[in-house]
Undergrad: 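This is the structure, below, for whatever I ask next.
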Protein chains: 2
Amino acid sequence: MSRPQNRPLTLRDVSEASGVSEMTVSRVLRNRGDVSAATREKVLKAAKSLGYVPNRIAGSLASQRVNLVAVIIPSMSNMVFPEVMTGINRVLEDTPLQPVVGITDYLPEKEEKVLYEMLSWRPSGIIIAGLEHSDASRAMLRASGIPVVEIMDTDGTPVDAMVGISHRRAGREMGEAILKAGYRRIGFMGTKMALDHRARKRFEGFTQALAKGGVEIADQEFYSGGSALSKGREMTADMMARTPDLDFLYYSNDLIGAGGMLWLLEQGYDIPGQIGLAGFNGVELLQGLPRRLATMDACRAEIGRRAADIIVARTAEPAQEAETIITLTPTIQQGDTLRPV
Amino acid sequence: MSRPQNRPLTLRDVSEASGVSEMTVSRVLRNRGDVSAATREKVLKAAKSLGYVPNRIAGSLASQRVNLVAVIIPSMSNMVFPEVMTGINRVLEDTPLQPVVGITDYLPEKEEKVLYEMLSWRPSGIIIAGLEHSDASRAMLRASGIPVVEIMDTDGTPVDAMVGISHRRAGREMGEAILKAGYRRIGFMGTKMALDHRARKRFEGFTQALAKGGVEIADQEFYSGGSALSKGREMTADMMARTPDLDFLYYSNDLIGAGGMLWLLEQGYDIPGQIGLAGFNGVELLQGLPRRLATMDACRAEIGRRAADIIVARTAEPAQEAETIITLTPTIQQGDTLRPV
DNA sequence: TTGAAAGCGCTAACAA
DNA sequence: TTGTTAGCGCTTTCAA
C-alpha cells in the first residue's frame, strides 16, 4: 500500500519484506545454491504476496546470459512458418530458452533491420530462414559469436549450421515424377516474388529435370497478392484458354493448386487422366477437398525441431557437439491428381 | 583482429576506435543531444567498421525504458491471429516499439507463465487476447503499471482497455438473420474447446436469438483436432444422416463450414434453397471455393491496429489520452449460402 | 558541444 | 548457509 504507484518491485523490496539479504532472495528465486528450507519459505511467501516479478533486464546484464532465441522468418500468414514455429516451440518448451520472432516480409533490408534489433538483445542463438542474406546481415551473423541456424533450404553455404531440404532437388524430383507418369505438355504457375529464393530454386530444378527429358515448359504464369485459391482458379482458367493442350499443371504452392483443381473439376476435366496436377508444401489444411492434390512435404515441423535441437545443444553447459548440416528428404505424395506410373 | 573471439563489442570499443568519449558515442548512436557533424562522422564510421551492435539490455536498464510490446495470443496456426498481428505490426512499424509474441494454446496456466515471462522484460505495453484470465494473471496485469489492451472480445470487463467485437451479439445477429431468411430446422457444429470463450459466447448468442424466435437447435456436434476441412465434411455427413430434415447449418468457423459446403454440393444438395450454411470469421483464404460461404467478419486486422494505436498513444511522451473501450461491429456477409430475404 | 560520475537491478565471486 | 562487494554496459544528470 505504501509503494509508490508506478515503481515496479525490486529484489530489495522482497529482501526487506522477508528479512533476508538480496543475494539470498535472488538465490531462492533462481533455485541456485543451498538455501535452508525455512529461508526459502519466507522468501517465496514474501515474493508471492508482493507480486514480485524479477527484472530479467538487470538479471541478464549481470549474468551475461539471455535465454532468448531469435527466430527470423519472412512471414506468418502462409501455412509454412507457423508449422516451423510449432516445431521450434515443441523443443524449446522443455528448456529455459524462449523464442522471439521477427518478420522480414521477404525483404532483405527488413531482414537486416530485424536482425540488428534482435542482436541488440544478445540472444543465445539465431534461427533464420533461408541462405540468402545481405552482406551486412551475413557479417552481423558471423560477428555475433552465437549459434546461427539457417533453415528451410540447403542449396548453398551456411554461415554456421543449416537445416532444410534441397528445393532444387524437390523441383527436380517432381519434374521427373511427372515425366515418368507420361505427361509432356506442362504448364507452371507460381508467385511473382523475385525474393522467394526457395520457390525459384524449385522452379530451376523443375525445368532442369524436364530439359533432361527433352521437355520444355509449355506455358507459365506468375501472380502476386490476392487470395491464393481464387488466383489459382483465375490463372488456371487463363492458361487453359491460352494453351488448351496442356496435360499437366505444376503449382508452386498447394493453395493455388487447390484453386486450379476446383476450377478444372467444375469444367469437367478428367483428373489425372486428361490433366495432372501437383503443388508443393503438403498443407494439411487442404485435406477434405474433392481430390487430394499431389504434393511434396516440406518437412516444416521437423525443420523447426532440428534447428531448435542444434541451438539447445550448442547453448548447453558444457556446449554439446551438434551436426551443422542437416538435409531432410521430402517425398512426393501422389494424391489423386498424378497419374500412377 | 585483436578482439578476443567471443566478447561482443561495447561502447568503449567504439569510443577507443574513434577517440571520442563513451558518452558522446552513445549520443551519436541514439541521435540525442547536440553533437558536432565532425564528431558524428567519426563515431558512425568507427561503429560501422567495427560492426558494433548496441547492447539494449544495458541500455534499457540504464534508461528504464523498453521499447517492447508484449502480444499474448492463443495460437498462430489458425487464420485469425496472424491477421491481428498484421494489424499490430502495421501500426508499430512507424514507431520505435517492437511486438514480442507469446502463445498460450488456450491454456490459462500457460497464459500465466507466458505473461510472467513477458513482464519480466518490463515491456511498455501488453496486448492480450480475451477477457478471461486467471486471478493471478489479472493481478499481474493490474500490478504491471503499464498499458494493457485486451483484444478480440468486448463481452466483459477489461483490466484496463479493450478492443474487439461482441461475440455474443455476433452469434445473435447470425441467428436472427437465419430465422428471417425462413430457416427453422437448424444444426450447429463447432470446436469442443471449453476454453475458447469467444466461440462459446457466439454459441450462446446464437441459441438465444433462436429461442426468441421459438426455435431450438435441432442437432449439434463438437469436434477437436484434425484438418478442419475434412472435419467439416465428416460432421456434416454424420449430422445429415442423423437429422435429414435440417434446413440450415451454422458452423463456428469458416473452415469447417467450407468442408461441409463441399460435401453438400457433391451430394447434390441445393444451396441455399434446400439447405443454408453460415460460418464465422470472414477468412479470405476461402475465396475461390465453388460458393462463397455466408459469414461474419471478425475485424481482425482492425482490432490489431486499434489496440496498437492505444499502446502507442499511452506510451507517447507526454502520454496521450486514448479511448479505453472500442467495440467494432462486424457485419454479415451474405455470400451464396444464405437465402436472400 | 563534450565529458565525468553515479547508478539502473541484478548476479558472480568471494568471504564469513 | 548466508552476506558483502564489485561490476554487467549503458544512460541520466550535472559540470566544464
Side-chain angles (χ1 to χ4, degrees), chain A residues 3-4 6-44 46-47 50 52-67 96 117 119-124 145 317, chain B residues 3-4 6-44 46-47 50 52-67 96 119-124 144-145 317:
Chain A
R3 175 169 68 94
N6 269 332
R7 183 175 68 76
L9 295 162
T10 67
L11 261 191
R12 164 173 226 121
D13 295 300
V14 182
S15 165
E16 283 170 1
S18 62
V20 176
S21 79
E22 284 187 42
M23 195 54 232
T24 302
V25 171
S26 168
R27 279 196 269 255
V28 170
L29 263 21
R30 286 176 300 139
N31 292 308
R32 276 261 197 305
D34 296 314
V35 178
S36 76
T39 314
R40 217 184 127 68
E41 286 287 284
K42 261 194 298 187
V43 170
L44 255 17
L50 289 174
Y52 172 71
V53 178
N55 185 334
R56 279 219 203 300
I57 303 197
S60 302
L61 182 62
S63 67
Q64 302 284 74
R65 269 185 282 97
V66 182
N67 288 327
E117 289 297 327
L119 287 177
S120 75
W121 288 101
R122 302 288 189 263
S124 295
E317 304 272 8
Chain B
R3 175 168 67 94
N6 269 330
R7 182 176 67 74
L9 295 161
T10 67
L11 260 191
R12 164 173 225 121
D13 296 300
V14 182
S15 165
E16 284 171 2
S18 62
V20 176
S21 79
E22 285 186 42
M23 195 51 236
T24 303
V25 171
S26 168
R27 278 196 270 256
V28 171
L29 264 20
R30 285 176 299 139
N31 294 308
R32 275 264 198 302
D34 296 313
V35 180
S36 74
T39 317
R40 218 185 126 67
E41 286 288 285
K42 262 194 298 187
V43 170
L44 254 18
L50 289 174
Y52 172 70
V53 177
N55 185 334
R56 278 220 204 299
I57 303 198
S60 302
L61 182 62
S63 67
Q64 302 284 76
R65 270 186 281 96
V66 182
N67 288 327
L119 287 177
S120 74
W121 287 101
R122 303 286 188 265
S124 295
S144 71
E317 305 271 7

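By convention in this document, chain letters (A, B, ...) are assigned in the order of the sequence lines, proteins followed by strands, and residues within each chain are numbered from 1. Small disclaimer: the values here were computed from a predicted structure and weren't measured.
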Undergrad: Tell me the interatomic distance from A/Ile57, atom CD1, to D/dC10, atom C1', rounded to whole angstroms.
TA: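 My rounded result for the distance is 12 Å.
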
Undergrad: Using atom CE of B/Met23 as one end and atom C1' of D/dT13 as the other, report the distance to the nearest whole Å.
TA: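 So the two atoms are 9 Å apart, to the nearest Å.
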
Undergrad: Taking atom P of D/dG7 as reference, at what distance in whole Å does atom CD of A/Glu22 sit?
TA: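 Going from A/Glu22 (CD) to D/dG7 (P), I get 18 Å.
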
Undergrad: Of A/Asn55, A/Leu50, A/Val14, which meets side-chain contact (heavy atoms from CB on, under 4.5 Å) against A/Leu9?
TA: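 Among the candidates, only A/Leu50 passes.
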
Undergrad: From the options C/dC10, D/dG3, D/dC10, select the nucleotide whose nearest atom is closest to the side chain of B/Leu11.
TA: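 For B/Leu11, the side-chain atoms sit closest to D/dC10.
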
Undergrad: Output the rounded distance in Å from CZ (A/Arg32) to P (D/dT1).
TA: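 Checked: the CZ to P distance equals 16 Å.
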
Undergrad: For A/Tyr52 and A/Leu29, which heavy atoms make the closest approach, and how far apart are they?
TA: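 Smallest interatomic distance, heavy atoms only, reads CE2-CD2, 3.5 Å.
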
Undergrad: Between A/Asp13 (CG) and C/dC8 (P), how many Å, whole number?
TA: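 Taking CG of A/Asp13 and P of C/dC8, I get 13 Å after rounding.
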
Undergrad: With respect to the phosphate group of C/dA12, does any side-chain polar atom (N or O) of A/Arg30 fall under 4.0 Å of OP1 or OP2?
TA: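 True: A/Arg30 side-chain N/O within range (under 4.0 Å) of C/dA12 OP1/OP2.
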
Undergrad: Just N and O in the side chain of A/Tyr52: are any of them under 4.0 Å from OP1 or OP2 of C/dG9?
TA: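 No, outside the criterion.
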
Undergrad: Closest nucleotide of DNA chain C for B/Ser63 versus for B/Thr39: which of these residues is on the 5' side?
TA: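 Its nucleotide being nearer the 5' end, the pick is B/Thr39.
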
Undergrad: When we call it a touch if two heavy atoms are under 4.0 Å apart, what does B/Arg65 touch: a base, just sugar-phosphate, or nothing?
TA: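 Sugar-phosphate contact only.
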
Undergrad: In whole Å, I'd like the distance from the NZ atom of A/Lys42 to the P atom of D/dT2.
TA: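 Those two atoms, NZ and P, are 8 Å apart.
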
Undergrad: Students often get this wrong, so: under 4.0 angstrom with heavy atoms, is A/Arg27 touching a base, only sugar-phosphate, or nothing?
TA: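 Base contact - A/Arg27 has a heavy atom under 4.0 Å of at least one base atom.
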
Undergrad: Given B/Arg12 and B/Val25, is the side chain to side chain contact (heavy atoms under 4.5 Å, CB included) satisfied, shown in steps?
TA: CA-CA 9 Å; B/Arg12 164 173 225 121; B/Val25 171; over 6 Å; no

Undergrad: Can you tell me if A/Thr24 touches the phosphate of D/dG3, counting only side-chain N or O atoms and a distance under 4.0 Å to OP1 or OP2?
TA: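 For D/dG3, OP1/OP2 do have a side-chain N/O of A/Thr24 under 4.0 Å.
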
Undergrad: Touch check for A/Asn55, heavy atoms < 4.0 angstrom, all strands: base, sugar-phosphate only, or nothing?
TA: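 Sugar-phosphate contact only - A/Asn55 comes under 4.0 Å of backbone atoms but never of a base.
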
Undergrad: Rounded to the nearest Å, what distance is computed from the CG atom of residue A/Leu61 to the P atom of nucleotide D/dA6?
TA: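 Rounded to the whole Å, the gap is 18 Å.
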
Undergrad: OP1, OP2 of C/dG7 versus side-chain N and O of B/Gln64: anything below 4.0 Å?
TA: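 No, B/Gln64 has no side-chain N/O under 4.0 Å of OP1/OP2 on C/dG7.
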
Undergrad: For a quick test of reading the model: is some side-chain N or O of B/Ser21 closer than 4.0 Å to OP1 or OP2 of C/dA4?
TA: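 So the side-chain polar atoms of B/Ser21 never come under 4.0 Å of the phosphate oxygens OP1 or OP2 of C/dA4.
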
Undergrad: Could you list the residues that satisfy side-chain hydrogen bond (donor to acceptor under 3.5 Å, both in side chains) with B/Thr39, not counting sequence neighbours?
TA: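 If we apply the side-chain hydrogen bond (donor to acceptor under 3.5 Å, both in side chains) test to B/Thr39, skipping adjacent residues, the hits are B/Ser36.
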
Undergrad: How many Å lie between CG on A/Asp34 and C1' on D/dT2, as a whole number?
TA: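 Distance, rounded to whole Å: 11 Å.
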
Undergrad: Between B/Ser26 and D/dT11, does any side-chain N or O lie under 4.0 Å from OP1 or OP2?
TA: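 Looking at the OP1 and OP2 atoms of D/dT11, one of them is under 4.0 Å from a side-chain N or O of B/Ser26.
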
Undergrad: Before you tell me yes or no, could you show the steps for A/Asn31 and A/Arg40 under side chain to side chain contact (heavy atoms under 4.5 Å, CB included), namely the whole-Å CA-CA distance, both residues' side-chain angles and the distance that decides it to 0.1 Å?
TA: CA-CA 9 Å; A/Asn31 292 308; A/Arg40 217 184 127 68; 3.3 Å; yes

